[in-house]
Structure formats: C-alpha cells, structure tokens
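Step one of this worksheet: look at the structure below.
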Amino acid sequence: MRGPLHSAPVGTISLAIGEPSFDTPNVIRDAMLKALASGATHYCDQFGLMPLRETIASDERRSRRRSITVDDVLVTHGASAGLAAVILGVVNPGDVVAIEDPTYSLYADLVAFAGGTVTTFRRNQNGELDADSLHDAVRSARLVIVCQPSNPTGAILSSSDWGLIVEATRINQSLILSDEAYASLIYDGNAFTSILDVPGLETRGILCQTFSKKFAMTGWRVGYLLGPSELIAAASVVHRTFNGSVNTAVQYAAITAISDAQPDASRMLMEYAERRVVMEDALSSVSGLEARTPAGAFYFHCRYADSRDSTGLSRAATAAGVLVRPGREFGPAGEGHIRLSFAAAPEDIWEGIRRLSSVLDMSTERE
Ligand SMILES: Cc1ncc(COP(=O)(O)O)c(C=O)c1O
C-alpha cells in the first residue's frame, strides 16, 4: 500500500520520486494553450476524442504491424484510471488475480477494491519468470497483471517469459493486462516485447499506457487502454462512471505529443541513460547495497545489508536527508530492498547515495 504524498523537508534529496524531473516539452504545452484558445473547453466523447484515438491507433499500428482500430482504444485519466477501469470492469468478488511480487502496489489495492484475491509469482535468480510459481499463481486466475519495464525492478519480459505466460494461461484463457508505463525507457538496446506483439493474446491481452513518463506529463492525467473492443467497452463503463471524459484540451495536447514530441522523448531517454550510469557508479562505491542494473524504467531495486526492515531503513534515510521507497511497499518479496529513482539530477544522485551510505555504515557499526 502506498503512503500519502508528502512534500520533502527543505534540503532533503528525493530518490523516491516516480516521475520525470523534466517539465513537459514546450510543443505540448503550446498545443494545450492553442486548444483552449480555440474553445476546447467542453465535455467530449467518453471513449476519448476521435482524432486522439485515431492518432493512438495509427501510432501503435505502425510500431506493431497488426490490425488496431479506434474501437480498440479508450482514452483514460492516466494509467491509474486505465488500470482501475480494467480491474473493476473484469474482476468480480472472489476472482483471483495473479501479479508479480514485487510489483507496483496499485494493482493489489485495486484488486482488493474489486473484492478479488491476489496470488503472486516471482522471478528466479537469473531474472526470468519462475515457471512453477507462475503456473501456481495463474491456475485459477481471471486476470494476470504484468508491469514491464517493472516498477520497482526495471525488468522486462523476454519473449520466452511471454511464452510461459501464454502457455500457463491457455487452458483458463485468463485475461492479461500489461502496464507498459515505462516502455519508452529501455536502455542498452534491450529488446522490448509489448503485449501487442505477443502471438496468442490478440483476444485476451490489454495494454495500459500513459503519457506521464514518456512525455513528462504526470500532472496532465492522460493515458489509454488498447485491447479487444469487448474488453475496452467493459472498461469504458467503469471509466465513464468514475471519471467521465478526459479533459478535452489535454487530449489535443496528447495528439501533439505523439506527432511532434518524439525528439523530446528521445532527448529525455538519453538523459536518463546517463543518470542510470551515474547511479550505478555511485552504488558501486557503497558496500552493503547491491542491485541488478535495470533494463528499463528509472529505478534501482537495491538489496541492502542492514538489520532494519525496509520501512525502518527508509525512515533512517529520511532522517539523514534522503528519501527512498521501502521495498515492502511493492510486496513481501520487496522486503530487504529499497527503491532508488534516478529520475533525479545527477548531483542529487551522488549526494543522496552518500547520505544513504552514512545510514548503512552507522547501522553496520551498531550490529
Ligand atoms: C508502473 C506504473 N503504472 C502506472 C503508473 C501511473 O501512471 P499515471 O500517471 O499515468 O497514472 C505509475 C506511476 O508511477 C507506474 O509506476
């Protein structure tokens, strides 16, 4: 369960942030102003503005080379509302939903809200999905939720991981929801397989996407779901009940994001790639913190050597002037870890890890 959002005390460095440190590119902001000036101040279609749905469908079709129509697209109030719309739309009380442990905490919260039960699967030492735990978790699952690149680990699903998922869910025909909020942040040329590219999931796979991370638009609240039209229609009933149509001018700005802000997204990706190296270097100078280099997103999921639990260690880090996320927030398997974000400025990454190491050093001396 996530805690409330607090503003950090003055002088505190945040390595806890889950959002880009960049402001939204000007071309997108200008499009919003233009839309407002030309009267985009009214309600619009509950599925989203048709020109935005067309832009999304053609953008995804181009990169996926499969048939996608506007009926497969629902514009949502960010990924958060998209996730809620799918989960509340398809999970009935008593249904089982399988998620990875650790993973983004919103999924379990939403499943509890829908009256469902969570089962979990893990990865093995090599970072691949563990076949036995996956088979156990999905045995009676109505829905399987994956997050890739993962928040908090940065791991992505290889085509063999996807193969396992397809095979393990074949008999039940479980629905699969893939949250790809960080899909634009993939490093080292790692191959990324979107759910839209997985054979066998055309009729039961749903993509949840957002403009928040790729285009630094967290405060705008716009994202989308893409999947078979019957599932999209079910999700749209929940979305229009809880949220109503998405801000009209924001949707015009989202069209501009897709058509004109790709160079900005590439520039931000290059910057994150550099910051990932900075964090890797900073971590390598600290004993007692170790992490697999993330393939994507902007987090290191660090295992630490310290006697405290992750909440206790995070509190101690806050007292030392650096905010981090306790691993327990992402599930039981996150215990013994903290999540560090490299969406922070490079100098903050160095200083934040220095402060963190001073806390670890002190606790080591105490033991
Ligand atoms: C994996 C993941 N999915 C979804 C979201 C929510 O994104 P949005 O801002 O579009 O609601 C976040 C935000 O941190 C996230 O980390």
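In each ligand, atom 1 is the first atom listed, and ligand 1 is the first ligand listed. Computation of the quantities below employed the complete heavy-atom set of this structure, encompassing side-chain atoms and omitting hydrogens, waters and symmetry-equivalent molecules.
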Sub-4.0 Å heavy-atom approach of Thr218 to ligand 1: no
- request: Mark up the atoms of ligand 1 that fall under 4.0 Å of a heavy atom belonging to Thr210, in ascending order.
  value: 8 (P), 10 (O)
message: Using a 4.0 Å cutoff against the non-hydrogen atoms of Ser212, which atoms of ligand 1 qualify?
response: 8 (P), 9 (O), 10 (O)
message: If I compare all heavy atoms of Ser133 with all of Arg122, which pair ends up nearest, and what's the gap?
response: OG-N, 2.9 Å
- prompt: Between Cys147 and ligand 1, which residue portion shows a heavy-atom distance shorter than 4.0 Å: side chain, backbone, both, or neither?
  reply: side chain
- line: Contacts of Glu335 meeting side-chain contact (heavy atoms from CB on, under 4.5 Å) (sequence neighbours excluded), chain-then-number -> Tyr304, Asp309, Ser310, Arg328
query: Any nitrogen or oxygen of Tyr107, main chain or side chain, under 3.5 Å from a nitrogen or oxygen of ligand 1?
result: no
task: Might you point out which heavy atoms bring Arg139 and Asp136 nearest each other, and give the distance in Å?
output: NH2-OD1, 3.0 Å
field: Atom indices of ligand 1, in the order listed, that fall short of 4.0 Å to a heavy atom of Asn151
entry: 1 (C), 16 (O)
query: Heavy-atom distance to atom 14 (O) of ligand 1: which of Lys213, His77, Met217, Glu19 wins?
result: Lys213
task: Just say parallel, tilted or perpendicular for the rings of Tyr272 and Phe22, cut-offs at 30° and 60°.
output: perpendicular
- prompt: Non-hydrogen atoms of Phe211 versus ligand 1: any pair closer than 4.0 Å?
  reply: no
Show me the side-chain donor-acceptor pairs of residues 289-301 shorter than 3.5 Å, one per line, residues at least two apart or across chains.
from: Arg292; atom 1: NH2; to: Gln125; atom 2: O; distance (Å): 2.5
from: Thr293; atom 1: OG1; to: Glu280; atom 2: OE2; distance (Å): 2.5
from: Tyr299; atom 1: OH; to: Tyr182; atom 2: OH; distance (Å): 2.6

query: Is Asp188 salt-bridged to Arg276, going by a charged N under 4.0 Å from an acidic O?
result: yes
